[in-house]
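All values derive from a computational prediction rather than experimental measurement. Each residue takes its place number in the sequence, starting with 1.
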Amino acid sequence: MRARGIPAATAFALLLALGGGPARAQAPRILALEPARTDSLLVCRLRTAGLPGPEILSTLRSGLSSAVDLQLEVLDGGGRAVDGRVLRLRLDYDLWDEVFSVAQGDRAATRLPDDAALQAWFDRTPWLPVAPLAALANTGPLRLRAALRLHAIAPGERERLGEVVSGPDGQEVSLGLGKLIRFFYRGDERERDAAAAVSPTFAAGELEHARD
């Protein structure tokens with residue numbers, strides 16, 4: 001069976017890695033947005049750099065989940081948002097099988113064998129749903145705007161982190177470690193906006209069908 005939780009020493013190392021340590025790698029960026037269509041949806045593919053990044057990789061290899069939020073908006077000619085959605089990508093690492101996974105909502109997770117495969121997934125993402133084409137009829141020239149928000153530790157994981165570093169009677173392994181958890185992970189401290197980009201102008205009815 002897969003191990004539940006991680007040792008306190010590993011959690012301590014995780015906290016140090018996320019809170020200080022060596023200089024961070026290049027900040028994540030969105031290099032390009034590629035709009036396309038299916039029979040009923042406006043979709044897009046992102047080309048990015050710097051994802052998932054060292055913070056998220058450290059979190060995943062320590063047995064905790066991370067997340068990346070993608071805010072996808074359809075802008076009209078005046079720059080107003082006329083449709084869109086926020087997609088939450090949940091990232092996990094299976095300590096038993098030693099594979100990464102990316103899950104979006106209720107869809108089956110994509111399993112990726114190593115760091116390089118996970119990075120390649122973000123370098124050129126699959127086609128992602130943005131908005132129903134029917135909602136964009138007669139809207140004129142459009143653009144897509146995409147923004148990333150990184151969660152080094154996925155929302156909802158803080159409670160599990162507290163359990164991981166607790167003894168069998170529920171007491172924290174050490175007062176110092178408990179303070180570190182509260183210091184580094186209270187509120188939204190480990191959540192940050194990473195990047196945003198806007199596509200060239202396009203007409204929804206003239207887009208090509210999405211192809212891999």
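- Shortest non-hydrogen contact noted between Trp127 and Pro35 is CZ3-C, 4.4 Å.
- Under the rule for a side chain to side chain contact (heavy atoms under 4.5 Å, CB included), the partners of Glu73 that lie at least two apart in sequence or sit in another chain are Gln71, Leu75, Ala81, Arg145.
- Considering all non-hydrogen atoms of both residues, Ser65 and Arg90 come closest at OG-NH2, 2.9 Å.
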Practice prompt. Output, in order, the C-alpha distance, side-chain angles, deciding distance and verdict of side chain to side chain contact (heavy atoms under 4.5 Å, CB included) for Leu42 and Phe202.
Written response: CA-CA 11 Å; Leu42 170 65; Phe202 63 91; 4.1 Å; yes

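- Between Val82 and Leu136 there is a side-chain heavy-atom pair separated by less than 4.5 Å.
- Remark: Leu46 CG to Asp123 CG distance equals 11.5 Å, nearest 0.5 Å.
- Asp76 CG to Arg143 CZ: the interatomic distance, rounded to the nearest 0.5 Å, is 9.0 Å.
- Closest approach of Ile30 and Ala146 over heavy atoms only: CD1-O, 3.5 Å.
- Two residues are said to be in side-chain contact when any heavy atoms from C-beta on lie closer than 4.5 Å; Tyr93 and Ser62 fail this criterion.
- Once rounded to the nearest 0.5 Å, the distance linking OG of Ser58 with CG of Leu64 reads 11.0 Å.
- The line from CG of Leu89 to CG of Asp69 is 8.0 Å long, rounded to the nearest 0.5 Å.
- Thr125 places no side-chain N or O within donor-acceptor distance of the main-chain N or O of Arg45, the cut-off being under 3.5 Å.
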Discussion item. Applying side chain to side chain contact (heavy atoms under 4.5 Å, CB included) to Val86 and Arg88, what does each step give before you reach the verdict?
Written reply: CA-CA 7 Å; Val86 175; Arg88 170 158 293 169; 5.8 Å; no

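- In this structure Pro129 satisfies the side chain to side chain contact (heavy atoms under 4.5 Å, CB included) test together with Leu41, Arg85, Leu87, Gln104, Arg107, sequence neighbours excluded.
- Here the closest non-hydrogen pair linking Ala152 and Glu55 is CB-OE1, 4.2 Å.
- The two residues Ala210 and Val43 have their closest heavy-atom pair at CB-CG2, 3.9 Å.
- Under a hydrophobic clustering in which Ile, Leu, Val, Met, Phe, Trp and Tyr are joined whenever their side-chain heavy atoms come within less than 4.5 Å, directly or via other members, Val198 and Leu207 fall into different clusters.
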Worksheet item: Yes or no on side chain to side chain contact (heavy atoms under 4.5 Å, CB included) for Leu112 and Val99, after CA distance, side-chain angles and deciding distance?
Response: CA-CA 6 Å; Leu112 303 163; Val99 296; over 6 Å; no

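- Thr139 has its side chain out of reach of Asp83: every pair of non-hydrogen atoms, C-beta onward, lies at least 4.5 Å apart.
- Note that the CG atom of Leu142 and the OG1 atom of Thr201 stand 8.5 Å from one another [nearest 0.5 Å].
- Atom CG of Leu57 sits about 5.5 Å away from atom CZ of Phe100, to the nearest 0.5 Å.
- Side chains of Phe122 and Leu91 form a contact here, defined as non-hydrogen atoms less than 4.5 Å apart.
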Practice prompt. Could you go through the side chain to side chain contact (heavy atoms under 4.5 Å, CB included) check for Val102 and Leu118 one step at a time?
Written response: CA-CA 8 Å; Val102 180; Leu118 182 60; 3.7 Å; yes

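- Closest approach of Leu95 and Gly63 over heavy atoms only: CD1-CA, 3.9 Å.
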